[in-house]
Undergrad: 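First the structure, then my questions, so here it is.
Position 1 is the first residue of the sequence, and the numbers go up from there.
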Amino acid sequence: MSAASSSPIALRRVGWLYVVTGLVGLVAAVALLVEKMAVLKDPEHVPACSINPILSCGSVMSTPQAEAFGIPNPIIGVMGFAVLAMLGVVLASGSTIRPWLLWAAQVAVTLAAIFIHWLVYQSLYVIGALCPYCMAVWVVTIAAFWHTSVHTMSRFGRGAATRALVEYRGAILTAWYLVILGLIAQRFWTYWSTLA
């Protein structure tokens with residue numbers, strides 16, 4: 001993959017996507033880290049994102065899954081999203097970058113997408129609670145992964161399948177989000193139905 005083989009317009013679009021997803025993810029990760037530090041200082045602290053028994057950052061923060069690699073997940077998020085946003089600024093500015101950096105971005109967002117899908121499963125079926133800030137991270141990570149992957153595929157494939165992925169990338173991403181929303185609705189339907 002060479003940076004020159006991508007159209008400057010396509011790379012700038014990816015850059016702006018990285019800026020937006022990186023900044024949104026960074027804000028959510030920082031908010032989670034601030035709440036985590038507040039809980040560590042005062043175990044009685046109720047995080048602002050603990051809204052009800054289901055939408056409860058506090059319930060999620062206190063689990064082993066919240067420190068999957070031995071450190072709080074928000075620390076990983078702060079580092080990862082800051083790098084993503086910075087790469088986005090570089091790409092959006094039209095600067096030339098080394099080809100390996102685009103490959104590194106693809107690998108990084110792929111690993112991040114795998115990790116957040118594991119967290120989705122853990123939140124729904126093991127922990128039994130949802131963290132609103134975490135869900136913001138899910139949304140932007142999926143968007144960054146999907147659009148990066150479509151961009152990468154479009155650079156190597158010119159066939160009908162690739163053209164369809166590029167043309168319907170927004171619809172596919174929307175369907176992806178709807179599946180996750182459907183899983184959330186189904187998993188917590190008993191609780192949601194009591195609110196009516």
Undergrad: On a heavy-atom basis, which atom in Leu32 and which in Cys131 lie closest, and how many Å separate them?
TA: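 Shortest heavy-atom separation between Leu32 and Cys131 comes out as CD2-SG, 3.5 Å.
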Undergrad: Do Leu40 and Val34 share a hydrophobic cluster (ILVMFWY, side-chain heavy atoms under 4.5 Å, transitive)?
TA: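 Looking at the clustering, Val34 is in a separate group from Leu40.
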Undergrad: Any idea how Trp176 and Trp146 line up, ring-wise: parallel (<30°), tilted (30 to 60°), or perpendicular (>60°)?
TA: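 Perpendicular, since the angle between the ring planes exceeds 60°.
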Undergrad: Indicate if Tyr177 and Val24 have the same hydrophobic cluster label, given that clusters are the connected sets of ILVMFWY residues with side-chain heavy-atom separations under 4.5 angstrom.
TA: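 Yes: a chain of side-chain contacts under 4.5 Å links Tyr177 to Val24.
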Undergrad: Closest approach of Gln65 and Asn73, non-hydrogen atoms and distance?
TA: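 Residues Gln65 and Asn73, closest heavy atoms: O-ND2, 2.8 Å.
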Undergrad: Calculate, to the nearest 0.5 Å, the distance between atoms OG1 and CG belonging to Thr148 and Leu84 respectively.
TA: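 Between Thr148 OG1 and Leu84 CG, I get 7.5 Å after rounding to 0.5 Å.
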Undergrad: Where do Val137 and Gly25 come nearest, in terms of heavy atoms and distance?
TA: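 Closest heavy-atom pair between Val137 and Gly25: CG2-O, 4.3 Å.
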Undergrad: Test of understanding: clusters of I, L, V, M, F, W, Y form through side-chain heavy atoms closer than 4.5 Å, transitively. Do Leu91 and Val107 belong to the same one?
TA: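 Different clusters.
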Undergrad: For the residue pair Tyr121 and Tyr125, categorise the inter-ring angle as parallel (less than 30°), tilted (30 to 60°) or perpendicular (more than 60°).
TA: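 Ring orientation, 0 to 90° scale: tilted.
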Undergrad: So, taking the atom named CD1 in Ile142 and the one named CG in Leu173, what distance separates them when rounded to the nearest 0.5 Å?
TA: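 Atom-to-atom, Ile142:CD1 and Leu173:CG are 7.5 Å apart.
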Undergrad: Just checking Arg13: does its CZ atom have more than 12 heavy atoms from other residues, nucleotides or ligands closer to it than 6.0 angstrom?
TA: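 Incorrect, the count does not exceed 12.
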Undergrad: Quick check: does any side chain N or O of Ser93 sit under 3.5 Å from a backbone N or O of Val90, one acting as donor and the other as acceptor?
TA: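 Here the side-chain-to-backbone pair exists.
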Undergrad: Is there a path of hydrophobic side-chain contacts, each under 4.5 Å between heavy atoms of I, L, V, M, F, W or Y residues, that connects Met61 with Phe69?
TA: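 Shared cluster, no.
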Undergrad: Tell me if the OH atom of Tyr168 is crowded by more than 12 foreign heavy atoms within 6.0 Å.
TA: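 No, not enclosed.
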Undergrad: Please name the pair of heavy atoms, one in Ala68 and one in Trp118, separated by the smallest distance, quoted to 0.1 Å.
TA: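 Where Ala68 meets Trp118 most closely, the heavy atoms are CB-CZ3, 4.0 Å.
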Undergrad: What residue among Leu130, Leu183, Leu55 forms side chain to side chain contact (heavy atoms under 4.5 Å, CB included) with Phe188?
TA: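 Output: one option passes, namely Leu130.
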Undergrad: Return yes when the gap between the SG atoms of Cys49 and Cys57 is under 2.5 Å; return no otherwise.
TA: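 Correct, these two cysteines form a disulfide.
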Undergrad: Nearest 0.5 angstrom please: Ile97 CD1 to Leu87 CG, how far?
TA: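 Taking CD1 in Ile97 and CG in Leu87, the distance rounds to 5.5 Å.
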Undergrad: State, with a plain yes or no, whether a side-chain heavy atom of Val19 is found less than 4.5 Å away from one of Trp16.
TA: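 A side-chain contact under 4.5 Å exists here.
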Undergrad: So, does Thr21 use its side chain to make a donor-acceptor pair with the main chain of Ala144 at under 3.5 Å?
TA: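 Side chain of Thr21 to backbone of Ala144: no pair is present.
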Undergrad: Just wondering, do Val83 and Met79 contact through their side chains at under 4.5 Å, heavy atoms?
TA: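 A side-chain contact is absent here, since even the closest heavy-atom pair is not under 4.5 Å.
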Undergrad: With heavy-atom distances below 4.5 Å as the criterion, would you say the side chains of Tyr133 and Pro47 are in contact?
TA: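 The answer is no, as the side chains (C-beta and beyond) never meet within the 4.5 Å cut-off.
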Undergrad: Could you check whether any side-chain heavy atom of Thr63 comes within less than 4.5 Å of a side-chain heavy atom of Val126, counting everything from C-beta outward?
TA: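 Counting from C-beta outward, Thr63 and Val126 never come under 4.5 Å.
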Undergrad: Looking only at heavy atoms, which two atoms of Gly22 and Phe81 are closest? And how far apart?
TA: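 Where Gly22 meets Phe81 most closely, the heavy atoms are O-CB, 3.3 Å.
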Undergrad: Membership question, hydrophobic clusters at under 4.5 Å side-chain separation (ILVMFWY): are Leu111 and Trp100 in the same one?
TA: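 Unlinked, Trp100 and Leu111 end up in two clusters.
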Undergrad: How many angstroms lie between CZ in Arg155 and CG in Leu102, if you round to the nearest 0.5 Å?
TA: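 That separation rounds to 5.0 Å.
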Undergrad: Of the non-hydrogen atoms in His151 and Ala10, which two are nearest, and what is the gap between them?
TA: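 Looks like CE1-CB, 3.7 Å.
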Undergrad: Flag the pair Leu181 / Leu178 as yes when at least one side-chain heavy-atom distance between them is below 4.5 Å, and no otherwise.
TA: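 In short, these two side chains touch, coming nearer than 4.5 Å.
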Undergrad: Hey, could you give me the CD1/CG distance between Ile76 and Leu33, rounded to the nearest 0.5 Å?
TA: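 CG of Leu33 is found 11.5 Å from CD1 of Ile76.
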Undergrad: State, yes or no, whether a side-chain contact exists between Leu119 and Cys134 at a heavy-atom distance under 4.5 Å.
TA: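 Not touching, per the 4.5 Å side-chain cut-off.
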Undergrad: Starting at OG1 of Thr141, measure out to CD1 of Ile116 and round the result to the nearest 0.5 Å.
TA: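 Here the rounded value is 5.5 Å.
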